[in-house]
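Okay, structure first, notes after.
Nothing fancy with the numbering, it's 1 onward along the sequence.
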Amino acid sequence: MAWWRRNKQNDQAALPAKAAEGFGDLDALSAYVTAHGIRIVDPGIPLSAYADTAAAGDVWRTQPSVRKVADYIARAISTIPWHVYERVSDTDRRRVSGHPLAQLLGAPGPYRTPSRLWHGVLVDWLIYDRWCVQVLPSADTASGWELRRIPARLMHVLADDFDGVAALYLTDPHGRAQEVQSEGFLFDHGYANVGADGTSPMDTLRQILAEQTEAVEWRRQVWKNGARVPTVIERPADAPAWSATAKSRFTEAFNAFIGRAGQAGGTPILEDGMKLVTLSAFNPREAQDIEGRRLTDIEVASAYHIPPELVGAREGTFSNVDAFRQMLYTHSLGPTITQLQDVLNVMLVPLIAPGSNLYVEANVEAKLRGSFLEQAQLLQTAVGAPYMTRAEGRTVLNLPRLEGTDELITPLNVVEGGLASPRDTAPKPEDQQLPKAGGRLRLVKSGRPDDLGTAKEERQALTDALTGWAERQAEGLLERASAKADGPPDFYTLWAVSSPERQEQLAALLAAHGLRLAQVGAWEVLAEFNPDAEGWDAAVMEAWLVKAAASHAAQYEQAGYAAAADAVREDGDWRDNLRAGMAAWVTAGAVRAATAGTEALSFGSHDAAGASGLTRKVWRTGGRNPRPSHEALDGEAVALDDVFGNGLRWPGDGRGDVDETAGCNCSLDYTREGG
């Protein structure tokens with residue numbers, strides 16, 4: 001017997017009555033079902049498998065965790081533009097924009113934007129594990145076609161005997177159902193144990209979501225009743241019996257102090273001998289309500305393969321959140337984007353452009369663009385010269401166009417057949433004379449270098465070197481900016497041209513001084529616990545210090561660009577504003593030097609402690625005006641591989657928040673276990 005039959009009239013409601021009357025045999029029942037187009041489930045499939053529509057749809061409205069994660073995914077993917085290309089040859093592709101296929105993807109219907117269409121489709125997919133879009137001819141669009149979303153609650157995918165797609169089962173809002181062939185529709189579905197209708201993730205998350213629903217209901221009841229502490233009033237055993245009038249009067253008086261009454265929060269006066277006794281009961285803190293909500297967010301995010309940090313379900317650091325962002329459109333959302341792209345190429349392209357060499361591709365690169373500095377460095381290296389005209393740079397800053405700014409300026413040190421990029425003029429770190437406090441630094445495995453200064457001397461050397469370097473950079477930028485006499489400069493291009501070289505120079509400077517400071521910190525530990533420096537080598541620290549220096553350089557460079565760009569936008573004379581912005585950047589160099597210096601000292605001592613077999617570290621608060629959080633840490637001892645109460649491994653730890661690391665002057669002591 002077939003599972004589905006086609007008819008204009010759907011009479012499912014009549015089936016129970018007919019079944020109650022009784023059919024003579026299976027053929028009679030089959031004939032009735034065929035005549036009325038009733039959807040019949042194979043006896044091997046439980047009816048509950050087809051009851052997902054109402055339950056799954058209600059989750060979007062009632063479950064914050066599901067909506068938060070599903071909406072995050074749908075918004076991220078639906079805003080990716082679809083591009084159409086022609087495959088000219090195996091090595092040649094041409095972007096197509098005027099073809100009806102490209103027009104349809106750009107304008108899917110009258111008063112219908114692509115992002116909104118695909119947002120609805122993706123939410124259907126994420127909630128129901130199936131989606132459907134109908135492709136219709138249209139006289140109201142430039143492409144001659146339109147895309148119309150069929151809500152997942154109104155469609156099912158019918159399967160053949162081997163769970164392959166046989167047809168679509170559509171129900172209109174009035175309840176009329178029909179079976180249709182799949183031609184003219186775009187659709188997809190996930191895996192199901194039986195059939196081709198997919199398996200809603202809501203089925204998998206049902207128990208977790210039910211717990212969250214109960215928790216919300218319990219919390220609502222607690223707050224509705226005033227969130228008061230559970231108590232009872234005890235009367236002495238020998239107290240005289242209460243009359244109905246006296247009991248009612250006392251109850252009314254006591255109720256005035258609870259809930260939302262006029263005297264709520266006050267202190268009631270009890271009669272002689274009465275006691276207010278607190279009962280042990282659950283409260284939000286004991287029930288870990290906040291942790292429960294966070295856990296639900298994490299479970300839902302994990303079910304959709306999204307890092308919980310990206311939806312705020314779990315706290316992350318700057319570095320890992322940035323890494324998760326880079327992975328979002330590859331490992332996390334990449335498979336979903338590919339599946340959607342496959343449907344368009346397999347079902348839509350043959351319908352709109354039969355026999356053509358066209359194909360559709362998601363422009364994921366639009367979502368993977370890096371920061372301003374990352375883009376500037378990558379593009380300038382790729383093209384081998386400046387890549388923006390001054391007019392384009394002014395457009396970025398929303399400044400008016402000026403005559404004579406349409407030509408691309410190429411520095412004199414960049415010519416064809418010569419240097420590939422202005423960045424090539426930056427000296428390589430290994431070829432530079434390392435900035436030093438007193439003499440060239442010698443890398444040795446044992447014996448403190450004679451030319452190595454004290455921590456105070458090396459800190460001051462770093463501060464002097466960084467502020468001096470920043471002053472020279474600021475003067476050069478101000479000089480080039482002032483050469484523009486008829487208005488503010490196109491600062492985006494002005495800064496970007498020298499940014500990569502400037503950042504490399506600063507990273508080399510910080511790495512050189514960082515290595516000296518790290519050795520100072522290391523020898524403070526080695527002198528006490530391991531004078532022969534057995535098992536320790538200063539060269540091992542170089543890789544970490546170079547990476548830390550690059551991070552500090554990038555942060556300082558970004559801060560300089562932000563300060564200068566903001567200054568140019570301010571009211572008043574732009575030259576005075578820019579001069580003040582650059583002066584603030586130079587001043588901030590002292591703070592950056594102190595932060596980088598503390599980090600290098602701490603890292604060096606930590607590295608030496610590990611090589612010397614030390615197992616405990618103790619936080620020592622320093623400076624004249626330490627942070628309250630650091631003052632509270634003074635004397636805290638943890639295992640060598642553990643973190644302190646503020647989440648830092650050592651003072652100045654680059655993984656920490658800037659509020660905990662900027663300008664820090666704290667230090668570490670070390671002991672062996674039990675020492």
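Residues V165 and F187 form a side-chain contact, since some pair of their non-hydrogen atoms from C-beta on lies under 4.5 Å apart. Contact annotation: the side chain of E361 approaches that of Y85 to within less than 4.5 Å [non-hydrogen atoms, C-beta and beyond]. A 4.5 Å side-chain heavy-atom check between I80 and Y329 finds at least one atom pair inside the cut-off. Considering only heavy atoms from C-beta on, R149 comes within 4.5 Å of P151 through its side chain.
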| message | Set out, in order, the CA-CA distance, both residues' side-chain angles and the distance that settles side chain to side chain contact (heavy atoms under 4.5 Å, CB included) for F185 and V180, then state yes or no. | response | CA-CA 10 Å; F185 292 88; V180 299; 3.9 Å; yes
| task | Before giving the answer on side chain to side chain contact (heavy atoms under 4.5 Å, CB included), spell out for V69 and D297 the whole-Å C-alpha distance, their side-chain angles and the decisive distance to 0.1 Å. | result | CA-CA 8 Å; V69 177; D297 287 349; 6.0 Å; no
| said: Between I127 and V66, is the side chain to side chain contact (heavy atoms under 4.5 Å, CB included) condition met? List the steps. | reply: CA-CA 9 Å; I127 300 296; V66 173; 3.6 Å; yes
| task | Would you sort out whether V123 and W60 count as a side chain to side chain contact (heavy atoms under 4.5 Å, CB included), showing the intermediate values? | result | CA-CA 9 Å; V123 171; W60 175 260; 3.9 Å; yes
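For the pair Y304 (side chain) and L126 (backbone), a donor-acceptor distance under 3.5 Å is present. Judged by distance alone, the side chain of Q555 and the main-chain N or O of H552 form no donor-acceptor pair under 3.5 Å. A distance-only check finds a donor-acceptor pair linking the side chain of T199 to the backbone of Y191 [under 3.5 Å]. Of the possible polar contacts, none joining the R153 side chain to the Y128 backbone as a donor-acceptor pair under 3.5 Å is found. Side chain of E179 to main chain of L168: no donor-acceptor pair is present (N/O by atom type, distance under 3.5 Å, no hydrogens or angles). Checking side-chain atoms of S356 against main-chain N and O of A353 turns up a donor-acceptor pair under 3.5 Å. Checked by atom type and distance alone, the side chain of D163 never pairs as donor or acceptor with a backbone atom of V194 at under 3.5 Å.
Taking D129 as the reference, nothing meets the side chain to side chain donor-acceptor pair (under 3.5 Å) condition, with sequence neighbours excluded. Residues satisfying the side chain to side chain contact (heavy atoms under 4.5 Å, CB included) criterion with L136, sequence neighbours excluded, are Q134, E146, R148. Partners of R75 under the side chain to side chain donor-acceptor pair (under 3.5 Å) rule, at least two apart in sequence or in another chain, do not exist in this structure. Applying the side chain to side chain donor-acceptor pair (under 3.5 Å) test to T79 and every residue at least two apart in sequence or in another chain returns K367. Listed by chain and number, the residues in a side chain to side chain donor-acceptor pair (under 3.5 Å) with H189 amount to none (sequence neighbours excluded).
Under the 30°/60° scheme for interplanar angles, the aromatic rings of W125 and W131 are found to be tilted.
We find the CZ-OG1 distance between R116 and T113 to be 7.0 Å, quoted to the nearest 0.5 Å. Separating the OG atom in S115 from the CG atom in L122 is a distance of 11.0 Å, to the nearest 0.5 Å. The line from CD of E86 to CG of L101 is 12.0 Å long, rounded to the nearest 0.5 Å. Atom CD1 of I306 sits about 6.5 Å away from atom OH of Y72, to the nearest 0.5 Å. In this structure, SG in C132 is found 6.0 Å from CG in L170, a value given to the nearest 0.5 Å. Distance check: W145 CH2 to S138 OG gives 10.5 Å after rounding to the nearest 0.5 Å.
Salt bridge status for E557 with R502: present, with a side-chain N to carboxylate O gap under 4.0 Å. Between D172 and R176 there is a salt bridge, since at least one side-chain N of the basic residue sits less than 4.0 Å from a carboxylate O of the acidic one. The residues D203 and R206 are annotated as salt-bridged, a charged nitrogen and a carboxylate oxygen being separated by less than 4.0 angstrom. Taking 4.0 Å as the cut-off between side-chain N and carboxylate O, D124 and R130 do not count as a salt-bridged pair.
The shortest non-hydrogen separation linking E299 to L205 is O-CD2, 4.4 Å. Of all the heavy atoms in A102 and S97, the pair that sits closest is CB-O, 3.6 Å. Shown here for G109 and T141, the closest heavy-atom pair between the two residues is CA-CG2, 4.0 Å. Nearest heavy-atom pair across Q181 and A166 is OE1-O, 3.9 Å. Here the closest non-hydrogen pair linking A159 and A196 is CB-N, 3.7 Å. Here the closest non-hydrogen pair linking D406 and A391 is OD1-CB, 3.3 Å.
Among the candidates L348, L344, L147, the single residue satisfying the side-chain contact (heavy atoms from CB on, under 4.5 Å) test with V133 is L147.
For residues 333-351, no residue pair satisfies the side-chain hydrogen bond (donor to acceptor under 3.5 Å, both in side chains) rule, not counting sequence neighbours.
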